[in-house]
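Computed over heavy atoms, backbone and side chain alike; hydrogens, waters and symmetry mates excluded. Here is how names work: the chains are called A, B, and so on, in the same order as the sequence lines, proteins then strands, and each is numbered from 1. Keep in mind it's a predicted model, so treat the numbers as computed, not measured.
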Protein chains: 2
Amino acid sequence: MKITFKGDYALKILLDLSLNYEKGLVQIKEISKRQDIPVKYLEQIILILKGAGYVRSKRGPVGGVYLAKPPEKIKVGEIIRLMEGSTSPISCVSRTAPSKCSFFRRCPFVGLWTEIRDFTNKIIDGTTFADISEKVENMSVKSPDYSI
Amino acid sequence: MKITFKGDYALKILLDLSLNYEKGLVQIKEISKRQDIPVKYLEQIILILKGAGYVRSKRGPVGGVYLAKPPEKIKVGEIIRLMEGSTSPISCVSRTAPSKCSFFRRCPFVGLWTEIRDFTNKIIDGTTFADISEKVENMSVKSPDYSI
DNA sequence: TTATAGTATAGTTAGTTGATAGACAATAGA
DNA sequence: TCTATTGTCTATCAACTAACTATACTATAA
């Protein structure tokens, strides 16, 4: 698994929205500033998140975006797969988009890739944005200037 | 960690040389055929492996390439890092080529990336080409047409 | 001397990443 | 209704990477 800026940005956006889940609407501009993401690029990512049902929005003045479901219902893994595709180290062991390899049936490396894939999935699917938010809040107690 | 064709090819090359460790010289052409790797691309990979000290060669007729050290002294992880670079899912937690992130000190995602990085390293550094060769040999007993 | 086999480096093509630009659509409030 | 504000949509682009492909060169055994 490789996380690019796109995936990293998406995670930061969802975390920002999670931390503001009770408040409601948040403006794209604000997220851009807080998370240091180019606003025009951020807009595109928001559209993907909207299309996948994680975010809803309201246009016009006092408009903004907000989470479509509670943070505890959104796994980090879902967002990574949405933005980056398969989490497998190599496509022959991908569950979401497998590719054929003539050696597959008897490839001596497959065991390694499968172990790594399974562990990775366990970690990222075992963490929700509620867990991540909680971490942030715990950090904020100790250092109140936390701004993410 | 993402394994591309380059890395995948390199692993297959080293496995081929490991299986032929006792025999000695192996021609690039032969490896190309057995492992189904474009010969010109394979040559480039061999040069990288040579430069890093894993392979030695002899030119001219009856020339060829061979392993510079025994298979049990070569970890899969070394080759992956040589060909693909860092094994970290994201550069902020890379040990080989770390990058700065303004959120790093208090990023709530870092824990996930670190766990994945450490597990990945454990797997690929805990396996040598002797282990992989052994797997192949065990497979071959059951299905003698194994050609990798 | 010549065929053989590795060495070295420079292209090439297609696709991806990380943006930027600009026109458009909805809506709250004057 | 007009206008400023905010999100929506599509196009474009430069830089980079992956995976080859091409070509000239060097060493060596017979």
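- Between the side chain of A:S18 and the backbone N or O of A:L14, at least one donor-acceptor pair lies under 3.5 Å.
- In this structure, the NZ atom of A:K2 is 11 Å from the P atom of D:dA18, given to the nearest Å.
- Taking atom NZ of B:K50 as the reference point, atom C1' of D:dA27 lies 11 Å away to the nearest angstrom.
- Nearest-nucleotide assignment on DNA chain C puts the 5′-proximal partner with A:Y41, out of A:K58 and A:Y41.
- Atom CD1 in A:I46 sits about 17 Å away from atom C1' in C:dG18, given to the nearest Å.
- Ionic pairing of B:D125 and B:R81 is present here: one or more N-O contacts between side-chain nitrogen and carboxylate oxygen are shorter than 4.0 angstrom.
- Of the residues in residues 82-91 of chain B, none has a non-hydrogen atom less than 4.0 angstrom from any atom of DNA chain C.
- Contacts between residues 60-69 of chain B and DNA chain D, defined by a heavy-atom separation under 4.0 Å, are made by B:G60, B:P61, B:V62.
- One distance of note links CG of B:L42 with NZ of B:K12; it measures 11.5 Å at 0.5 Å rounding.
- Distances shorter than 4.0 Å separate some side-chain N or O of B:T4 from OP1 or OP2 on D:dA19.
- The distance from atom CD of A:Q27 to atom P of D:dA4 is 17 Å, rounded to the nearest whole Å.
- Distance CZ (B:R59) to C1' (D:dA29): 14 Å, rounded to an integer number of Å.
- Within 3.5 Å, no donor on the side chain of A:K6 pairs with an acceptor on the base of C:dT16, nor the reverse.
- With A:I31 as the partner, the side chain to side chain contact (heavy atoms under 4.5 Å, CB included) test is satisfied by one option alone out of A:I45, A:N20, A:V65: A:V65.
- B:Y66 and B:L82 are members of different hydrophobic clusters when ILVMFWY side chains are connected at heavy-atom separations under 4.5 Å.
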(message) Between B:M83 and B:I79, does the side chain to side chain contact (heavy atoms under 4.5 Å, CB included) criterion hold? Intermediate values first, please.
(response) CA-CA 6 Å; B:M83 305 309 292; B:I79 305 306; 4.3 Å; yes
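- Taking atom NZ of B:K33 as the reference point, atom P of C:dA5 lies 11 Å away to the nearest angstrom.
- An OP1 or OP2 oxygen of C:dA19 is reached within less than 4.0 angstrom by a side-chain nitrogen or oxygen of A:Y9.
- For the residue pair A:K50 / A:S57, a side-chain donor-acceptor distance below 3.5 Å is found, with atom types taken as modelled.
- Separation of atoms CD (B:E30) and CG (B:L25) is listed at 9.5 Å; rounding is to 0.5 Å.
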(message) Quick one, A:K40 with A:E43, criterion salt bridge (charged side-chain N to carboxylate O under 4.0 Å, His left out). Give me CA distance, side-chain angles, the key distance, then yes/no.
(response) CA-CA 5 Å; A:K40 278 304 193 179; A:E43 285 174 1; 3.3 Å; yes
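- Note: CD (A:Q44) to P (C:dA19) measures 10 Å, nearest angstrom.
- Residue A:K29 places its side chain closer to D:dT6 than to any other of D:dT6, C:dA21, D:dC9.
- Look at CD1 on A:I37: it is 10 Å from P on C:dA19, rounded to the nearest Å.
- Contact annotation: B:S57 side-chain N/O to C:dA5 OP1/OP2 distance is not under 4.0 Å.
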